[in-house]
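Some notes on the structure that comes next.
Just so it is clear, the values below take in all heavy atoms, side chains as well, and ignore hydrogens, waters and symmetry mates.
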Number of protein chains: 4
Amino acid sequence: MTEKKERILHSALRLFATQGFAATATSKVAKEAGVSEGLIFRHFVNKEGLLTAVMEQCSEELRSVLAEVMLTEDPTEVIRKLLELPFSISRSQYEMWRLSYALKWQANRYDQSSQEALKEVLIGAFSKLGYDYPEAETELILMYLDGAATSLLLHEPDGKPEILNVVKRKYGL
Amino acid sequence: MTEKKERILHSALRLFATQGFAATATSKVAKEAGVSEGLIFRHFVNKEGLLTAVMEQCSEELRSVLAEVMLTEDPTEVIRKLLELPFSISRSQYEMWRLSYALKWQANRYDQSSQEALKEVLIGAFSKLGYDYPEAETELILMYLDGAATSLLLHEPDGKPEILNVVKRKYGL
Amino acid sequence: MTEKKERILHSALRLFATQGFAATATSKVAKEAGVSEGLIFRHFVNKEGLLTAVMEQCSEELRSVLAEVMLTEDPTEVIRKLLELPFSISRSQYEMWRLSYALKWQANRYDQSSQEALKEVLIGAFSKLGYDYPEAETELILMYLDGAATSLLLHEPDGKPEILNVVKRKYGL
Amino acid sequence: MTEKKERILHSALRLFATQGFAATATSKVAKEAGVSEGLIFRHFVNKEGLLTAVMEQCSEELRSVLAEVMLTEDPTEVIRKLLELPFSISRSQYEMWRLSYALKWQANRYDQSSQEALKEVLIGAFSKLGYDYPEAETELILMYLDGAATSLLLHEPDGKPEILNVVKRKYGL
DNA sequence: AATGAATGAGGCTTCATTCAT
DNA sequence: GATGAATGAAGCCTCATTCAT
C-alpha cells in the first residue's frame, strides 16, 4: 500500500465518520488527503469501493479490540472488560468507532459479523456465572454497549466515570 | 396546512429516515408525495427547510411520548415506563424514531432539548427511590434507552421481550 | 415536444453525424443548441438515450424516403428511383443520411430494420422483370446504394451525374 | 521494432477497428497488449500518434493489395480482380479493412492517396476496353467497391458468391 | 396554490498524459 | 526500454433551486 493510498483511506475515514458518506464529496477527500481526485478511483474503483475499504479497516480494528475481551478466561473479567470498553475508546480509535456506528444508520450498511462471535462468548460467560437468562443478558449488555458508545461518541468523549461504576455495580463488580 | 404539504412532509420523513437526508433527492420526495418538484420549495424554501419542518414534527411527537413518562407521579412507574419505552415503539412511530436517531450521527444535528427535561425528572425519581448516584443512574438509563432504540430500530422491530424483563429486574421491577 | 428539446435533437444529429457519437461531448451539444447541459439529461435520460432518440428520428425519415420507392408499382420505376436515390439527397436530409451511415461503423449499431422491407420489394421487381437471380440482384443494388451513399456523402455532395447515367444503362434504363 | 511495440500496434488496430478510435481508451490498448500504460506514449508520443502509426500500417497493406490489381496488364483482368477484391478479404486483413472504412466516417480522416493511383489504372482499363465513359465507369466501380466492402465487412464476412457472378456479368465477365 | 421546464453548480468518474524509478 | 503511480482536465450526470405559466 503506497503512502498516498493510505492518506486517502485515512481522510475518508475521518470525513465519512464526521460528515457522513453521502454528504462527503470525493473531491473533499482528495483535498484533505493532499492528492488528486483521480487517484481515489485508481485505487478504489469508485466511491463505494472507498467506503468498503474504509469499513474493512474498521472491521479489522474492531475485531482486534473485541478479541482482547473474547480471549479472556475469567467470565467476570469478560463482563468487566466489556463494560469498560466504551469508556476506554482512545483518541486514535475514535473515528473508526464513530464511522462504525454512523454507518449502522445509513441505508443497509449494518455489519453484524463482528458481534456474532462476541455473543457466543457472552452467553458462555453469563452461563458460567449462573445468570438465569444468559441470552437475554447478552442482548442487554450489547444494548448497553451500543448506548454507551452512542452517548460517549456523540457528546463527551471523555465520559463520566461514575456511570461506569454504577453499571459495574449492577453486575456485582 | 394543505393536503399536499402534509404529503410532502410525510414522504420526506419516510425517505430521510430510511435513505438518509443527504442521500435523498428532493425530486424523490416530490415523486413519492405525488406533487411537482417545485412545490417543495414554495412550502419549505429549501431542502434544509424541509428537514427542519420534519424534525419539528418529530420533536413534537417525541415530546408527547416523553410527556407521558414525565407526568407520572410514582418514581418507580417513571423508571418502568422509560424501560418499556423502546419496546413499545409502534409502527406509526417507527420512522420518527429512526430519523431522530439517524440525525444524531449527522454533522451537528443533535437536538438535546427534549432530553434535558427528562433528565430532571429521572434524577428526581432516582433520588426519591434512594439511589446513591441519581445523576449517574440517570445517564446510565438514558444510555440504555439509546442502546435499546438503536438495537430495536435497526434489526428487530418486534424486540425480544425477555430483555425487558431482565433489565427490569436490575431496577427491582 | 418543447422547442428546446427539438433544438437538442437537431444539434445532436448534426454533431454525432460529423464528429461521431463518442467524440461528441454532451456539453458541445448543449452549447450548440443554446441550452443548459442538464436539460439533455432531463429530456433524454443519458447520452445513449439522446442517440436513441436521434436514431429514431432518422429511421422515421429514412422509412418515409424509402416508402416513396416501395410504393411504386412499375418494377422498372422501382429500380430507377432506387438508383437515383443517393444522387437526390437534399441538403436537409444530408445529416440524417450521414449519421445513419456513420453509425453502421460504430460498435454494434447497425440497424437493418428499414432495409428488410425494401429487399422484398426489390426481389419482386427483379423477378417481374425476368432477371435470373433476383435475390443476388437485390443484394447487388443495395451494395451499390451503400457505395453511392458512402461516396456522395463523404466527398461530393453534389455528385457526378454521369455516373448515374452509366449505372442506369447497366439496368437498361 | 520491439515485440511490445508491435503488440501495441496490433491491439490498437483491433480495438480501433471494432470499438472506434474515440471510444477506445489507451489503457484498454495497453491492457490488451499486455504492456504498461506508459509504454504507448514512449513509442507513439500520444494517442493520435498511435492512430497515425496504425493507419500507416493499414495504408501499406492496402497499397500492396491494390498493387496486385494495378500491376495487371490485361484490362479485363483488372476489372475482374477489382470486382473480386471485397469478396476475398481474408480473416487477417479484416481489421485493417474495417478500420480503413470506419475512419472514413470520422471527422477529416479520409485518406484518398491510395485511390488516386487506382483511378488512373481503371480509367486506362475502361478506355482500352472501349467503354464510352471511362471516368464515370471508374467512379461507379469504386462506388461498388465501397458498397461491397461496407456490406461484407458489416454483416456477412463470408459473402454471398452469387452476387459476385451477377456483377461480373454486368461487365461481361 | 401548483406545475414542470429549465438552469448551473457541483458530484462522480474516465482518460490521456507525465514522471520517478 | 519498461513500469505503474500520479495528475488534472474534461466527460457524463445529478440535483437543489428558479421561474414562467
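For F:dA5, neither phosphate oxygen OP1 nor OP2 lies less than 4.0 angstrom from any side-chain nitrogen or oxygen of A:His43. For the pair C:Thr2 and E:dG4, the criterion of a side-chain N or O lying under 4.0 Å from OP1 or OP2 is not met. Here B:Lys4 reaches the OP1 or OP2 of E:dT3: one of its side-chain N or O atoms lies under 4.0 Å away.
When both distances must be under 3.5 Å, the Watson-Crick or G-U wobble mate of F:dT21 is E:dA2.
Rounded to a whole Å, the NZ atom of A:Lys31 is 16 Å from the C1' atom of F:dT7. What separates CE of B:Met1 from P of E:dA2 is a distance of 13 Å, to the nearest Å. The nearest whole Å value for the distance from the CG atom in A:Leu50 to the C1' atom in E:dC12 is 12 Å. The CD-P distance, from A:Gln19 to E:dG11, rounds to 12 Å in whole Å.
For DNA chain E, no neighbouring residue in residues 8-17 of chain C is found when judged by any heavy atom under 4.0 Å.
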Show, in sequence, the C-alpha distance, side-chain angles and deciding distance for A:Phe16 and A:Glu95, and conclude whether the side chain to side chain contact (heavy atoms under 4.5 Å, CB included) test is met. CA-CA 9 Å; A:Phe16 290 171; A:Glu95 273 147 10; over 6 Å; no
Start with the C-alpha distance between B:Asn46 and B:Thr26, add both sets of side-chain angles, then the distance that settles side chain to side chain contact (heavy atoms under 4.5 Å, CB included), and finish with yes or no. CA-CA 9 Å; B:Asn46 54 26; B:Thr26 52; over 6 Å; no
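Closest approach of B:His43 to B:Lys5, counting heavy atoms only: ND1-CD, 3.7 Å. Among all heavy-atom pairs drawn from D:Ser36 and D:Ala30, the shortest one is O-CB, 3.8 Å.
Salt-bridge formation is not detected for the pair A:Lys28/A:Glu32: no Lys NZ or Arg NE/NH1/NH2 atom is positioned less than 4.0 Å from an Asp or Glu carboxylate oxygen. Under the 4.0 Å criterion applied to side-chain N and carboxylate O atoms, B:Glu37 and C:Arg42 are assigned as salt-bridge partners. A:Arg63 has no carboxylate O lying under 4.0 Å from a charged side-chain N of A:Glu56, or vice versa, which leaves the two without a salt bridge.
Atom CD of A:Gln93 sits in a crowded spot, with more than 12 heavy atoms from other residues, nucleotides or ligands closer than 6.0 Å.
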Report, as a single string ordered 5' to 3', how protein heavy atoms within less than 4.0 Å touch nucleotides 16-21 of chain E: B base, S sugar-phosphate only, - not at all. BBB---
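The nearest heavy atom of DNA chain E to C:Leu39 and to A:Leu39 marks one nucleotide each, and the one closer to the 5' end goes with C:Leu39.
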